[in-house]
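There's a structure below that I have some questions on.
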Amino acid sequence: AQSVTQLGSHVSVSEGALVLLRCNYSSSVPPYLFWYVQYPNQGLQLLLKYTSAATLVKGINGFEAEFKKSETSFHLTKPSAHMSDAAEYFCAVSEGNAGNMLTFGGGTRLMVKP
Amino acid sequence: ETGVTQTPRHLVMGMTNKKSLKCEQHLGHNAMYWYKQSAKKPLELMFVYNFKEQTENNSVPSRFSPECPNSSHLFLHLHTLQPEDSALYLCASSQAGGLYEQYFGPGTRLTVT
């Protein structure tokens, strides 16, 4: 069985500060990992994904994430927060080639202060 | 993003009503999904269809009945719902296989009165 834990349901940063959103996963097979963002009244949009290629993955809007197998982590970072980054962020894991079911974490709401 | 559309965007229904949610994808995908998003709960996968065949039913109550007539359309038929079924219902599509990301629609906000 696979699971995802996102530490911190709410994270607040100042504009221009580093964004760090934490994600730890559990999977019995080599995982595929995803970060999605959800803006108010919208569906989820893919930020980036890890599929066993490079461990440092770059995504849209300046976000990146690093897959660390030893730590079972896939934390999301952005060097400088922008007001438009305020949204809810979801980490998700899939079973890899064994299936296309995604298991989501509980989400982290990012607030950006001016 | 217009790759996955959902109608209606908002729905209010009584507990004795029957209604249907519709999802359509224009991305040429062969897998479609229904998710339930409730406040303060993780996103819950409800149903998965691969090549029009249901491959996953995540212990969803029978008052929710999915239908996938073709790879581009997915419906969720609702009847005798409960107030706790009020939530945002999201549809997604992808190529089949865990490697591929899912593309989400904007959701239907359902309120059961």
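Everything quoted here is computed from the prediction, not taken from an experiment. Chain letters run A, B, ... following the sequence lines, proteins first and then strands; every chain starts at 1.
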- [ ] Examine A:Val37 and A:Val11 and state if one hydrophobic cluster contains both, with Ile, Leu, Val, Met, Phe, Trp and Tyr joined whenever side-chain heavy atoms are less than 4.5 Å apart.
- [x] yes

- [ ] Determine the minimum heavy-atom distance between B:Phe104 and A:Leu44, stating which atoms define it.
- [x]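 Reported closest heavy-atom pair: CB-O, 3.4 Å.
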
TODO: Following the transitive rule for hydrophobic clusters with a side-chain heavy-atom cut-off under 4.5 Å over Ile, Leu, Val, Met, Phe, Trp and Tyr, establish whether B:Met32 and B:Phe75 coincide in one cluster.
DONE: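 Different clusters.
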
Open item on the list: Quick check for you: to the nearest 0.5 Å, what is the distance between B:Asn58 atom CG and A:Met101 atom CE?
Closed with: 6.0 Å

Task: Point-to-point distance, once rounded to the nearest 0.5 Å, from OG1 of A:Thr103 to CG of B:Leu43 - done: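 That separation rounds to 10.5 Å.
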
Task: Inter-residue atom distance A:Thr51.OG1 - B:Tyr100.OH, 0.5 Å rounding - done: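 That separation rounds to 10.0 Å.
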
TODO: Side-chain contact test, heavy atoms from C-beta onward, threshold under 4.5 Å: evaluate it for A:Gln38 versus B:Leu88 and give yes or no.
DONE: yes

TODO: Examine A:Phe104 together with B:Tyr35 and report whether their ring centres are nearer than 6.0 Å.
DONE: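 Distance test on ring centres: under 6.0 Å, yes.
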
- [ ] Could you tell me which portion of A:Tyr36 (side chain, backbone, both or neither) has an atom closer than 4.5 angstrom to a non-hydrogen atom of chain B?
- [x] side chain

Task: Connected via hydrophobic side-chain network under 4.5 Å: B:Tyr49 and B:Trp34 - done: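 Looking at the clustering, B:Trp34 is in the same group as B:Tyr49.
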
- [ ] Any chance you could measure B:Ser94, atom OG, to A:Leu46, atom CG, to the nearest 0.5 Å?
- [x] 11.5 Å

TODO: Specify the closest pair of heavy atoms between B:Gln37 and A:Phe90, including all atoms of both residues, with the distance to one decimal.
DONE: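 B:Gln37 and A:Phe90 have their closest heavy atoms at NE2-CZ, 3.4 Å.
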
TODO: Would you confirm whether B:Arg9, through its side chain, and A:Asn41, through its main-chain N or O, come within 3.5 Å as a donor-acceptor pair?
DONE: yes

Task: Cluster check A:Trp35, A:Val4: I/L/V/M/F/W/Y, side chain < 4.5 angstrom - done: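 In one cluster with A:Trp35: A:Val4, yes.
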
Task: In one Ile/Leu/Val/Met/Phe/Trp/Tyr side-chain cluster, 4.5 Å: B:Leu90, A:Leu47 - done: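 Each belongs to a different hydrophobic cluster.
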
